[in-house]
*Asks:* 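So that we are looking at the same thing, I have put the structure below in structure tokens.
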Amino acid sequence: MPISPVRVRFAPSPTGRFHIGGARTALYDYLIARQTSGQFILRIEDTDRKRFVSGAEEELVESLHWLGIEWDEGPDVGGPYAPYRQSERTEIYKQHAHALVESGHAYYCFCSPERLSRVRQEMQKRKQPPRYDGTCRRLDPAEALARVDAGESHVVRFKTPRQGTTTAVDLLRGPINVENATLDDFILLKSDGLPVYHLAAMVDDHLMHITHVLRGSEWLPTFPLHVLIFQAFGWEQPTWVHLSVFLNPSGKGKLSKRQTLDPKSGVKAIHVLDLQEMAYLPEAVTNWIALMGWSYDDRTEQFSMLDLIQKFSLEKLVPSPAAVNFSKLDHFNGIYIRSLSLDDLVGRLRPHFEAAGLRPTVDQLRSIAPLIQERIRTLDDAVEIAGFFFHEHVEPDPVGLIGKNMDAEQSALAAEKAHQVITAQVSMDPDVMEPALRQLAESLELSAGQLFGILRMAVTGQKVSPPLIESLEVIGKQKVLERIDRAVQLLETLP
RNA sequence: GCCCCCAUCGUCUAGGGGACUAGGACGUGGCCCUUUCAAGGCCAAGACCGGGGUUCGAAUCCCCGUGGGGGCACCA
């Protein structure tokens, strides 16, 4: 466990929507930074102008804020190693690329993209790994420099050693040995003068004094190259930690956007903001994400952000891929909803009712919230289960009004009697109402369940609802009586 | 095709040579509670991928196989 302050960075590229995989990496970064009183840096890797998506950075920022993940240095807050947007650091990368050429670790390449793809195709045809054929590697450096000075279009390639092996050490996996001969001469600087990830990220990680690099395991194949780059510069390496990928709930294949469209997949949403929109609590999402690929012990499952900061450790990360389990998110969300204070719950509920076009008052919500708190899994469920409180009329299914093991006539009679009983009560207080209605059931030789079932459908229009007696009080005497009247009418239309 | 990584219940995981009749959680099934639905309580089914080693002893270490995943761009 790192005890001295770490400097970690989350370095997404603004090329699309922000998903839970990125959120987990950012979360872990944040946790060790806070735990060690270190710094968490947000860096935007926007060196690919073709893939740039406008609004992506904004979504990222909004997502992290929502989850409660805050950074100490970044494009918006600045910091001692600014700028934190790679597109604003192009000169730095150019200098470093050229330094590598001068030290003999890289070379200029003048091959056209057309030639490159031709070479690649041929190699594939011969069932060989598609790699650069090394044409420009054999060029005389002075001659190459002259061509560059003459303005010829070029890139900078890393001169990967042809012999030997490179050992890259991952914190979770130990040493990974790779034959250098299987590595390609990767491009470091593109012909437009912008760097590629392999260069930019290494340069920035060094310049920004990053001590621990947490990133996805999709970087494992190029990991040795990154080590080689550090060695070429003569820099000390950070601690490398490769996080496993998220798999689809089935465990088959990487979690992907395409699967989201298939309801059978079990995928609810893979984008953080979609989870927010689906009315999940950020603390539930955080807890859920933290536990995919990490565990504390053999029993503890609930962790607040503070708990996580205290208890998280890189060593307990699991290197194997994890299939996401959305039913577990539902479970956590239920736990967190039930743990909310009344005021907190009311505050969080309100926007969701309003989004549904309802205008509940705080007092109304305060009386309803306790009735539904332990029955909802997401905040949106509340609108579904408790919408009837706010509707002017309910539309019960006439057949549904018939009590269990009863006919329409008996049910109508029971409803009428209930109308009388409720009318006679001076108060809607459950302590008064419940005994009165139970007594009615008894005198009608009905079970409480039979009578309550009829009234439930009459008054809520639903087969399932919050507890009936308490609901009656909230709905109010007048509306209750109206709705029962209506139910009696409906029952009388039945044969 | 080549390279890399991974491998315990359906899923997330505990386990780091004897404490394992392999523990917990989600989900599933049953029971209890109960005015519906939940919540809660109790119970149950359910896993060490296969084969070789090493060792007195292997879920734990090594090798091979198999399976799964990832990568092979002037993307990140």
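All values below come from the heavy atoms of this structure, side chains included, with hydrogens, waters and symmetry mates left out.
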*Asks:* Does a nitrogen or oxygen in the side chain of A:S244 sit under 4.0 Å from OP1 or OP2 of B:C6?
*Replies:*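 A:S244 to B:C6 OP1/OP2: no side-chain N or O under 4.0 Å.
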
*Asks:* Using a cut-off of 4.0 Å on non-hydrogen atoms, how would the nucleic acid contact of A:G334 be classed: base, sugar-phosphate, or nothing?
*Replies:*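 Nothing, no nucleic acid heavy atom in range.
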
*Asks:* Among B:C5, B:C74, B:G10, which is the nearest nucleotide to the side chain of A:I176?
*Replies:*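 Looking only at side-chain atoms, A:I176 lies closest to B:C5.
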
*Asks:* Would you say the base of B:C74 and the side-chain of A:S191 have a donor-acceptor pair closer than 3.5 Å?
*Replies:*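 Per atom types, the contact qualifies.
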
*Asks:* I want to check one thing: is the phosphate of B:C75, taken as OP1 and OP2, less than 4.0 Å away from some side-chain N or O of A:R49?
*Replies:*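 Negative; the distance criterion is not met.
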
*Asks:* Taking the minimum atom-to-atom distance to the side chain of A:S465, which one of B:A25, B:U36, B:U35 wins?
*Replies:*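 So the side chain of A:S465 is nearest to B:U36.
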
*Asks:* What is the distance, rounded to the nearest whole Å, between atom CG of A:D204 and atom P of B:A76?
*Replies:*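 Distance, rounded to whole Å: 12 Å.
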
*Asks:* Out of B:A76, B:A7, B:G70, which nucleotide sits closest to the side chain of A:V245?
*Replies:*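 Of the candidates, B:G70 comes closest.
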
*Asks:* Among the nucleotides B:C72, B:U36, B:C74, which one has an atom lying closest to any side-chain atom of A:P130?
*Replies:*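 Comparing B:C72, B:U36, B:C74 against the side chain of A:P130, the answer is B:C72.
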
*Asks:* Any side-chain donor paired with an acceptor under 3.5 Å for A:S304 and A:D307?
*Replies:*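 Per modelled atom types, A:S304 and A:D307 side chains form a pair under 3.5 Å.
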
*Asks:* Counting just side-chain N and O atoms, does A:T47 come under 4.0 Å of either OP1 or OP2 of B:A76?
*Replies:*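 Yes, because at least one side-chain N or O of A:T47 sits under 4.0 Å from OP1 or OP2 of B:A76.
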
*Asks:* Is A:K254 near enough to B:C6 that one of its side-chain N or O atoms lies under 4.0 angstrom from OP1 or OP2?
*Replies:*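 Answer no for this pair, as no side-chain N or O of A:K254 is under 4.0 Å from OP1 or OP2.
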
*Asks:* Parallel, tilted or perpendicular: which describes the rings of A:W219 and A:Y197, with under 30° parallel and over 60° perpendicular?
*Replies:*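 The arrangement is parallel - the two ring planes meet at less than 30°.
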
*Asks:* State which of B:U35, B:C74, B:C37 makes the closest approach to the side chain of A:A448.
*Replies:*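 For A:A448, the side-chain atoms sit closest to B:U35.
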
*Asks:* Check every atom of B:C5, B:U35, B:A76 against the side chain of A:E434 and return the nucleotide holding the closest atom.
*Replies:*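 So the nucleotide nearest the side chain must be B:U35.
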
*Asks:* Does B:G27 have its OP1 or OP2 closer than 4.0 Å to a side-chain nitrogen or oxygen of A:K328?
*Replies:*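 No, because none of the side-chain N or O atoms of A:K328 sits under 4.0 Å from OP1 or OP2 of B:G27.
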
*Asks:* Looking only at the side chain of A:L468 (C-beta and beyond, no hydrogens), which of the listed nucleotides B:U36, B:U35, B:C74 gets closest?
*Replies:*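 It is B:U35.
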
*Asks:* Mind checking if A:R126 touches a base, just sugar-phosphate, or nothing, with heavy atoms under 4.0 Å?
*Replies:*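 Answer is nothing: A:R126 stays at 4.0 Å or more from every strand.
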
*Asks:* Write down the partner of B:G67 under the Watson-Crick or G-U wobble criteria, each distance required to be under 3.5 Å.
*Replies:*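 Per the H-bond distance test, B:C6.
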
*Asks:* Looking at A:K190, does any N or O in its side chain come under 4.0 Å of the phosphate oxygens OP1/OP2 on B:C75?
*Replies:*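 So the side-chain polar atoms of A:K190 do come within 4.0 Å of the phosphate oxygens OP1 or OP2 of B:C75, strictly under.
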
*Asks:* Please tell me which of the listed nucleotides, B:A73, B:A14, B:U35, lies nearest to the side chain of A:V318?
*Replies:*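 When the side chain of A:V318 is considered, B:A14 is the closest of B:A73, B:A14, B:U35.
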
*Asks:* Under 3.5 Å, is there a donor on one side chain and an acceptor on the other for A:Y93 and A:D204?
*Replies:*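 Checked: A:Y93/A:D204 side chains pair up, N/O donor to acceptor below 3.5 Å.
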
*Asks:* Rounded to whole angstrom units, what separation is found between the CD atom of A:E374 and the P atom of B:A38?
*Replies:*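 Roughly 12 Å, once rounded to whole Å.
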
*Asks:* Pick out which of A:V285, A:N287, A:T286 makes a side-chain contact (heavy atoms from CB on, under 4.5 Å) with A:I289.
*Replies:*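 Going through the options one by one, the only one that passes is A:V285.
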
*Asks:* Where each residue is assigned the nucleotide of RNA chain B containing its nearest heavy atom, which of A:G453 and A:D46 is assigned the position nearer the 5′ end?
*Replies:*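 Counting from the 5' end, the first nearest nucleotide belongs to A:G453.
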
*Asks:* State, without any angle test, whether A:T160 and A:N180 hold a side-chain donor-acceptor pair at a distance under 3.5 Å.
*Replies:*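 There is no such pair (donor and acceptor under 3.5 Å, judged by atom type) between the side chains of A:T160 and A:N180.
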
*Asks:* Closest approach to the side chain of A:E218, judged atom by atom: which nucleotide of B:G71, B:C5, B:C75 is it?
*Replies:*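 My answer, after comparing the listed nucleotides, is B:G71.
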
*Asks:* What I want to find out is whether A:E122 reaches A:K125 closely enough, with some N-O distance under 4.0 Å, to be called a salt bridge.
*Replies:*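 Here A:E122 does not pair with A:K125 in a salt bridge, since their nearest N and O are not under 4.0 Å apart.
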
*Asks:* Counting only side-chain heavy atoms from C-beta out, which of B:G27, B:C75, B:A38 sits nearest to A:S327?
*Replies:*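 So the nucleotide nearest the side chain must be B:G27.
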
*Asks:* Mind checking if A:D48 touches a base, just sugar-phosphate, or nothing, with heavy atoms under 4.0 Å?
*Replies:*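 The answer is sugar-phosphate, as A:D48 gets under 4.0 Å only of primed atoms, P, OP1 or OP2.
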
*Asks:* My understanding is that a pair needs two contacts under 3.5 Å, Watson-Crick or G-U wobble. By that rule, which nucleotide pairs with B:A25?
*Replies:*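 Partner of B:A25: B:U11.
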
*Asks:* Under 4.0 Å, heavy atoms only, any strand: does A:K404 hit a base, just the sugar-phosphate, or nothing?
*Replies:*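 Here A:K404 touches no strand at all.
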
*Asks:* With a 4.0 Å cutoff (strictly under), does any side-chain N or O of A:R377 reach OP1 or OP2 of B:G27?
*Replies:*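 Checking B:G27 against A:R377, a side-chain N or O does come within under 4.0 Å of OP1 or OP2.
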
*Asks:* Can you tell me the pairing partner of B:C20 across any strand shown, Watson-Crick or G-U wobble, with both distances under 3.5 angstrom?
*Replies:*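 No nucleotide pairs with B:C20.
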
*Asks:* Is B:G40 paired to anything, Watson-Crick or G-U wobble with both distances less than 3.5 Å, and if yes, which nucleotide?
*Replies:*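 Per the H-bond distance test, B:C32.
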
*Asks:* A:E301 near the nucleic acid: base, sugar-phosphate alone, or nothing, with a heavy-atom cut-off under 4.0 Å?
*Replies:*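 Base contact - A:E301 has a heavy atom under 4.0 Å of at least one base atom.
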
*Asks:* Determine: side-chain N/O of A:R299 to OP1/OP2 of B:G15, distance under 4.0 Å, yes or no.
*Replies:*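 Answer is no, no contact under 4.0 Å.
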
*Asks:* If you find the nucleotide of RNA chain B closest to A:D297 and the one closest to A:R438, which residue's nucleotide is nearer the 5' end?
*Replies:*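 On the 5' side of the pair lies A:D297.
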
*Asks:* Do A:D380 and A:T378 have side-chain N/O donor and acceptor atoms under 3.5 Å apart?
*Replies:*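 Distance-only check fails for A:D380 and A:T378.
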
*Asks:* Partner lookup for B:C72, please. Criteria are Watson-Crick or G-U wobble with both distances under 3.5 angstrom; report none if nothing qualifies.
*Replies:*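 By the stated definition (distances under 3.5 Å), B:G1 pairs with B:C72.
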
